[in-house]
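Since the structure comes first, as structure tokens, the remarks are kept for the end.
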Amino acid sequence: MLNLKQIEYCLEKIGDMFPHAECELVHSNPFELVVAVALSAQCTDALVNRVTKTLFEKYKRPEDYLAVPLEELQQDIRSIGLYRNKAKNIQKLSKMIIEDYGGEVPKDRDELVKLPGVGRKTANVVVSVAFGVPAIAVDTHVERVSKRLGICRWKDSVLEVEKTLMKKVPKEDWSVTHHRLIFFGRYHCKAQSPRCAECPLLSLCREGQKRDKKGLVKR
DNA sequence: CTCCCGATAT
DNA sequence: ATATCAGGAG
């Protein structure tokens with residue numbers, strides 16, 4: 001496990017690698033962001049953006065998602081995967097935003113979580129990106145990177161990973177750090193072939209010690 | 001824990 | 001062929 005100094009060193013180096021890390025889900029208002037993040041579960045941002053490019057031309061407001069049959073919305077997002085659950089969630093969430101929140105996306109995370117298809121991770125992304133509230137959304141990348149480096153323990157739940165990061169990182173840096181960890185995981189410390197040979201953190205990375213130059217686990 | 005699921009990289 | 005992708009719900 002890394003101590004605070006080592007964690008700060010890691011985050012500084014990652015910041016050098018990805019100084020401009022930010023949300024890559026294309027959106028132009030909070031409602032579009034909610035939809036985009038809800039669609040992004042177990043799917044790449046690139047694929048979500050490909051679909052929302054046309055989706056957001058057809059569906060502007062929550063009412064628009066309720067104006068079509070479920071099957072039509074399913075087809076419109078089919079290439080995303082998990083499309084039956086996601087289509088149902090988006091219609092229900094649209095209905096709730098109209099009926100319970102006056103047509104506006106709630107700015108409170110505990111309210112966002114009440115929306116179907118919106119869990120803690122998605123809610124953290126929305127408050128952070130759309131409303132500027134400090135938050136650390138722990139997705140697959142943040143979890144993997146934190147565990148490989150030794151910022152947290154392998155057995156930790158995503159909630160425990162989030163708590164650890166919130167404790168180790170100053171609150172004003174939560175959102176930037178969160179995006180930098182995502183970029184580091186997405187483009188460098190990748191799940192299948194991490195680029196350990198060109199990693200400035202190799203010497204203190206416990207997972208890196210177990211891997212060869214190609215980032216493959218040694219036998 | 002399982003299920004949902006198509007697209008893409010390896 | 002298999003692993004992975006800005007997870008969430010039952």
Side-chain angles (χ1 to χ4, degrees), chain A residues 14 18 20-27 30 32-55 70-71 73-96 109-131 133 135-148 155-162 165 174-197 207 211-217:
Chain A
I14 292 173
F18 303 99
H20 307 302
E22 59 184 1
C23 180
E24 294 197 296
L25 291 168
V26 177
H27 64 284
E32 285 190 355
L33 181 62
V34 171
V35 173
V37 184
L39 288 176
S40 72
Q42 297 293 289
C43 171
T44 59
D45 280 15
L47 204 44
V48 174
N49 289 336
R50 191 187 302 172
V51 166
T52 54
K53 182 174 183 181
T54 53
L55 191 76
L70 178 60
E71 294 72 21
L73 182 55
Q74 285 180 1
Q75 284 313 113
D76 288 337
I77 64 171
R78 197 189 62 86
S79 61
I80 293 284
L82 309 180
Y83 60 91
R84 279 181 270 258
N85 286 336
K86 290 175 181 176
K88 195 194 318 168
N89 287 338
I90 288 174
Q91 284 198 333
K92 281 191 178 178
L93 144 179
S94 296
K95 187 174 167 65
M96 284 180 64
R109 196 194 54 199
D110 294 325
E111 296 300 323
L112 283 164
V113 169
K114 294 178 182 174
L115 300 174
V118 177
R120 188 179 178 90
K121 175 249 154 184
T122 297
N124 275 334
V125 173
V126 173
V127 296
S128 168
V129 175
F131 303 126
V133 177
I136 298 181
V138 178
D139 70 336
T140 181
H141 300 300
V142 175
E143 180 180 11
R144 181 182 64 253
V145 166
S146 300
K147 291 182 176 180
R148 278 182 176 168
K155 357 179 33 172
D156 286 349
S157 66
V158 288
L159 183 57
E160 287 168 329
V161 177
E162 182 185 335
L165 287 169
W174 285 358
S175 293
V176 223
T177 300
H178 145 235
H179 283 109
R180 286 173 176 171
L181 287 173
I182 289 189
F183 271 56
F184 180 67
R186 184 180 292 162
Y187 301 115
H188 188 94
C189 190
K190 298 184 283 186
Q192 290 186 276
S193 52
R195 306 173 68 161
C196 298
E207 181 66 16
R211 293 173 179 267
D212 62 18
K213 301 294 179 290
K214 295 173 186 169
L216 299 174
V217 180

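Just the heavy atoms: all of them, side chains too, but no hydrogens, waters or symmetry mates, feed the values below. Just so it is clear: chains get the letters A, B, ... in the order the sequence lines come, proteins before strands, and each one is counted from 1. Keep in mind the model is a prediction, meaning the values are calculated, not measured.
Counting any heavy atom pair closer than 4.0 Å across all strands shown, A:A191 reaches sugar-phosphate atoms only and no base atom. Using a 4.0 Å heavy-atom distance criterion, A:R78 is classed as a sugar-phosphate-only contact. Across all strands shown, A:I77 has no heavy atoms under 4.0 Å from either base or sugar-phosphate atoms.
Taking atom CG on A:L39 and atom P on C:dG7, their separation rounds to 12 Å, with Å as the unit. Between the P atom of C:dG7 and the CD1 atom of A:I136 lies a distance of 17 Å, rounded to the nearest Å. The CG atom of A:D76 sits 15 Å away from the C1' atom of B:dG6 (whole-angstrom rounding). Per the geometry, CG belonging to A:N89 stands 11 Å off C1' belonging to C:dG7, to the nearest Å. Distance A:L47 CG to B:dC5 C1': 11 Å, rounded to the nearest Å. Rounded to an integer number of Å, the gap from CD of A:Q42 to P of C:dA9 is 14 Å. Between A:L33 atom CG and C:dA6 atom C1' the separation is 11 Å, expressed in whole Å. Rounded to an integer number of Å, the gap from CD1 of A:I80 to C1' of B:dC4 is 14 Å.
The A:T44 side chain lies nearest to C:dA6 when the options are C:dG7, C:dA6, B:dT8. Of the candidates B:dA7, C:dC5, C:dA6, C:dC5 carries the atom nearest the A:R144 side chain, counting heavy atoms from C-beta on. The side chain of A:R84 has B:dC5 as its nearest neighbour among C:dG7, B:dC5, C:dC5. Among C:dG8, C:dC5, C:dA3, the nucleotide with an atom closest to any side-chain atom of A:T140 is C:dC5. Each of C:dA6, C:dA3, B:dC5 was ranked by its minimum atom distance to the side chain of A:Y83; first place goes to B:dC5.
Taking only side-chain nitrogens and oxygens, A:R186 never comes nearer than 4.0 Å to OP1 or OP2 of C:dC5. Close to C:dA9, at under 4.0 Å from its OP1 or OP2, lies no side-chain N or O of A:R120.
Taking the side chain as every heavy atom from C-beta outward, A:V161 and A:K147 approach each other to under 4.5 Å. Proximity of A:L159 to A:R120: side-chain heavy atoms (C-beta onward) are separated by under 4.5 Å at one or more points.
Nucleotides B:dT2 and C:dA6 have their P atoms positioned 23 Å apart, rounded to a whole Å. Taking atom P in both B:dC1 and C:dT4, the straight-line distance is 16 Å, to the nearest Å. Between B:dC5 and C:dG10, the distance separating the two P atoms is 14 Å to the nearest Å.
For the pair A:K190 and A:K86, both in contact range of DNA chain B, the more 5′-proximal nearest nucleotide belongs to A:K86. Between A:S40 and A:K114, the residue whose closest nucleotide on DNA chain C is further toward the 5' end is A:S40. Nearer to the 5' terminus of DNA chain C, by closest-nucleotide assignment, is the contact made by A:L25 (compared with the other of A:P116 and A:L25).
The CD atom of A:E24 lies 12.0 Å from the OG atom of A:S40; values are rounded to the nearest 0.5 Å. Note that NE2 of A:H179 is 11.0 Å distant from CD1 of A:I136, once rounded to the nearest 0.5 Å. How far CG of A:L39 is from OG1 of A:T122: 10.0 Å, rounded to the nearest 0.5 Å.
A parallel orientation is assigned to the rings of A:H188 and A:F184, their planes being inclined by less than 30° (bins at 30° and 60°).
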